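Chain A is the first sequence line, chain B the second, and so forth, proteins listed ahead of strands; every chain is numbered from 1. From a predicted model like this one, the values you see are computed outputs, not experimental measurements.
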Amino acid sequence: MEDTRRGTVTSLASLFPVEEAQKAANRVQGAMAEKRAELDHLLGFVADNNNLINLVHKLPEELSHEIMVPFGKAAFFPGRLIHTNEFLVLLGEGYYAERTSKQTAEILRRRGKALDSQVDSLEAMIKDLQAEANFFGQTIAEAAEGLVEIREDYIEEDTHGEESKSGPLKQHTSDLEKTEANNEEYTRMVARLDELEKEEELAAESGNDNEIYEQTTEDDFHKSVSPVDQSNNKSIATESAEKHHNPDIADQLNFASLDLQSNVGEGKNAAAKKVKFVDHTGKPLIHHEEKTVKATTASKSEVQHQPSQPSFDSHKAFTGSIVEHTENLKTLNGQSSSSTSSQVSGSQPSKPVSRFKMQRR
Amino acid sequence: MESLTQHKVQRYEEFVDRRLKPDLQHAIDERDKIFEQQKIFTDLRRNIENLEKNSITSLRTLVNLGSEVYLQAEVTNTQRIFVDVGLGFHVEFTWSEALNYIQKREERIAKKIDEYNQLIASIKAQIKLVLEGIRELLQLPAEKSLPERSF
């Protein structure tokens with residue numbers, strides 16, 4: 001163990017202070033309550049509209065109807081409804097149209113459609129806010145239970161910019177917007193991923209790949225991640241993998257780190273998008289989701305566009321490392337869910353790493 | 001001493017903001033509601049007087065079915081009118097009876113408005129009082145220091 005690991009331990013609570021996260025969560029709750037009230041209001045309108053359509057439909061059945069005719073707000077006259085097929089409909093801005101029952105029903109139906117689209121958009125917004133609230137809730141829980149971020153330098157033999165990594169990365173703890181420092185790592189990973197991809201094509205385990213993609217997509221979506229985390233976790237993974245410990249210890253380390261890594265991989269995917277997520281409170285979540293889904297489905301083609309989509313490549317790395325070894329294929333098949341992937345990748349601590357090293361340029 | 005006065009000032013201000021001002025708002029809202037009712041009955045009275053004056057026996061109106069969709073309606077006999085007397089009841093009146101009732105109703109409404117006006121005035125007075133108290137507190141320290149110096 002020649003390496004001197006420089007590391008920092010930051011509690012998640014310092015990154016996302018509990019009170020602030022709480023306030024943000026409350027704000028989101030307030031906004032959600034408002035939207036729900038609006039939604040109820042709109043639904044009331046929709047119900048009224050439907051009732052009116054029925055009424056308009058039924059009225060012409062009789063020549064006249066006995067009713068109580070209102071006279072102002074506090075008095076009635078007994079009277080009759082006459083000309084039951086002639087309706088005066090307000091079109092807005094003081095313009096009225098005299099229509100028959102059928103035509104009025106059509107007008108009301110069109111109004112109902114407009115209302116429905118409004119309801120849909122409101123519901124979508126509520127969903128977004130819900131996801132945001134979940135995110136905050138998770139953050140609060142994690143910060144409260146004292147989740148700690150451990151960042152260590154990734155020490156590699158042929159390094160470029162390895163040391164600079166920890167520096168700029170540390171700066172990024174609170175600033176999710178800058179992804180520049182990650183690019184060095186990305187390029188490095190990308191090179192590795194290239195080689196892995198070739199091996200992958202040989203192995204041709206696309207079915208498993210997709211599974212893992214989906215799992216990692218979901219995992220990541222729920223984790224609060226900063227790009228820094230990812231690179232550091234990877235460093236932990238490879239680092240521990242480098243050392244030829246007992247497979248058990250390495251396994252465990254890798255379980256944790258690669259578990260995070262898988263999430264982190266997605267996180268990278270999401271990093272650029274989460275930037276928006278955190279900054280804007282509007283629709284970014286839908287945006288985000290679409291992108292993660294797109295990422296999973298458009299797997300192979302994207303690897304070529306390396307520098308521009310490093311986040312996506314992290315998927316590949318993960319997958320590649322699982323696919324390589326036959327012994328792991330057995331375990332992969334035998335088990336299910338994300339624990340599999342982490343276990344699988346964990347059980348091969350040294351081999352993929354050594355391969356990486358050998359094939360490095 | 002300074003901090004004590006500051007503390008007091010803060011408490012007074014909080015009292016004003018939290019209790020008195022919302023109370024004032026509430027009272028004003030209630031009074032507005034009563035104003036509306038008063039207006040409704042005044043309008044109704046005027047209409048009935050109009051009907052009576054022109055001896056209108058039958059009437060054609062447009063009835064709102066909801067969402068501003070109107071339908072023609074005819075009132076053949078305007079002699080009988082049903083007036084809302086509260087608690088969901090409507091009483092059948094002739095014109096003169098209706099006018100009588102509306103008169104009495106309007107008197108009651110006017111009384112209520114007076115009550116609310118008084119309440120609003122008292123709340124405003126209380127607010128003014130507290131604000132004056134705060135002002136005194138803030139001025140007193142300055143006034144005290146002067147005699148000391150002249151001493």
Close contacts, residues 84-113 of chain B versus chain A, judged by heavy atoms under 4.5 Å: B:Asp84, B:His90
Contact winner vs chain A - B:Thr76, B:Val69, B:Leu59, B:Asn77, heavy-atom pairs under 4.5 Å: B:Val69
Residue part contacting chain B, namely of A:Arg111, when any heavy atom lies under 4.5 Å: side chain
Rounded distance [0.5 Å steps], NZ in A:Lys73 versus CG in B:Asp43: 9.5 Å
Over 12 non-hydrogen atoms of neighbours within 6.0 angstrom of CD in B:Gln118: no
Chain A-proximal positions within residues 11-41 of chain B [heavy-atom distance under 4.5 Å]: B:Ile40, B:Phe41
Most contacts with chain A, counted as non-hydrogen pairs under 4.5 angstrom, among B:Asn47, B:Val83, B:Ile81, B:Ile48: B:Ile81
Toward chain A: residues of residues 60-67 of chain B with heavy atoms under 4.5 Å: B:Arg60, B:Thr61, B:Leu62, B:Val63, B:Leu65, B:Gly66, B:Ser67
Part of A:Ile107 within contact of chain B (heavy atom distance under 4.5 Å): neither
Side-chain heavy atoms of B:Val75 within contact of A:Phe76, under 4.5 Å: no
Residue-level contacts of residues 77-98 of chain A with chain B, using a heavy-atom cutoff under 4.5 Å: A:Phe77, A:Pro78, A:Gly79, A:Arg80, A:Leu81, A:Ile82, A:His83, A:Thr84, A:Glu86, A:Phe87, A:Leu88, A:Val89, A:Leu90, A:Tyr96, A:Glu98
